[in-house]
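Taking it in order: structure first as structure tokens, then the write-up.
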Amino acid sequence: MPEHVHLLVSEPPVAPLSKALQALKISVSRRLTERPFWQTRYYDFNVITHNKRVEKLKYMHRNPVTRGLVSRPEDWPLVILSPLSPERTNPVLITQA
């Protein structure tokens with residue numbers, strides 16, 4: 001999305017999720033010149049069931065279409081459908097490029 005991001009993540013095993021999000025925000029902020037880039041808070045939602053995970057993934061994939069930015073989810077350049085598809089059961093590992 002042009003002005004926000006959706007993440008579906010699990011709690012890191014060695015540190016609180018807030019620390020992982022802090023590291024992400026710092027990394028992005030160092031690369032961008034727009035100030036401030038991040039809002040001071042974020043909205044979180046605990047996903048407990050498989051059905052809720054599928055619901056959230058579908059929402060994330062359809063969001064650019066709903067907003068009228070593209071006609072199909074796969075046309076949005078920042079959406080990775082195959083690793084994030086609701087049918088996939090393995091987690092997607094985020095690594096440094």
Side-chain angles (χ1 to χ4, degrees):
M1 300 286 78
E3 78 292 338
H4 70 276
V5 63
H6 296 130
L7 300 172
L8 183 60
V9 298
S10 60
E11 188 77 25
V14 295
L17 181 57
S18 61
K19 292 292 186 186
L21 290 175
Q22 179 185 33
L24 171 69
K25 287 182 169 188
I26 289 170
S27 176
V28 169
S29 294
R30 287 182 179 158
R31 291 175 172 83
L32 299 176
T33 57
E34 183 181 337
R35 298 284 187 254
F37 180 78
W38 295 102
Q39 294 180 346
T40 55
R41 287 196 32 89
Y42 60 90
Y43 172 75
D44 62 347
F45 181 89
N46 291 325
V47 177
I48 298 171
T49 66
H50 172 76
N51 288 344
K52 190 56 77 172
R53 182 174 69 89
V54 170
E55 174 190 319
K56 295 301 178 186
L57 284 171
K58 285 181 178 180
Y59 172 82
M60 291 165 58
H61 289 186
R62 293 178 182 148
N63 199 228
V65 177
T66 303
R67 297 277 306 276
L69 299 169
V70 293
S71 58
R72 302 176 312 153
E74 56 269 24
D75 293 337
W76 185 248
L78 300 179
V79 172
I80 303 169
L81 288 176
S82 57
L84 295 178
S85 68
E87 296 80 20
R88 186 178 169 108
T89 57
N90 298 331
V92 176
L93 299 178
I94 300 174
T95 60
Q96 198 170 21

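- In terms of heavy atoms, Val47 sits closest to Lys56 at CG2-CG, 4.0 Å.
- For the pair Ile48/Lys52, no side-chain contact is recorded, criterion being any heavy-atom separation below 4.5 Å from C-beta on.
- Here Trp76 contributes atom CH2 and Arg67 contributes atom CZ; the two are 8.0 Å apart, rounded to the nearest 0.5 Å.
- Contact between Pro73 and His61 at its shortest, heavy atoms only, is CB-O, 3.2 Å.
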List the atom pairs, with distances to 0.1 Å, where a side-chain N or O of residues 21-28 and a protein N or O form a donor-acceptor pair under 3.5 Å, not counting sequence neighbours.
from	atom 1	to	atom 2	distance (Å)
Lys25	NZ	Gln39	O	3.4
Ser27	OG	Arg31	NH1	2.4

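- Listed here is the closest heavy atom pair of Arg53 and Leu8: CG-CD2, 3.8 Å.
- Arg30 CZ: 12 or fewer foreign heavy atoms inside a 6.0 Å radius.
- Taking CG of Asp75 as the start and CG of Leu69 as the end, the distance is 11.5 Å to the nearest 0.5 Å.
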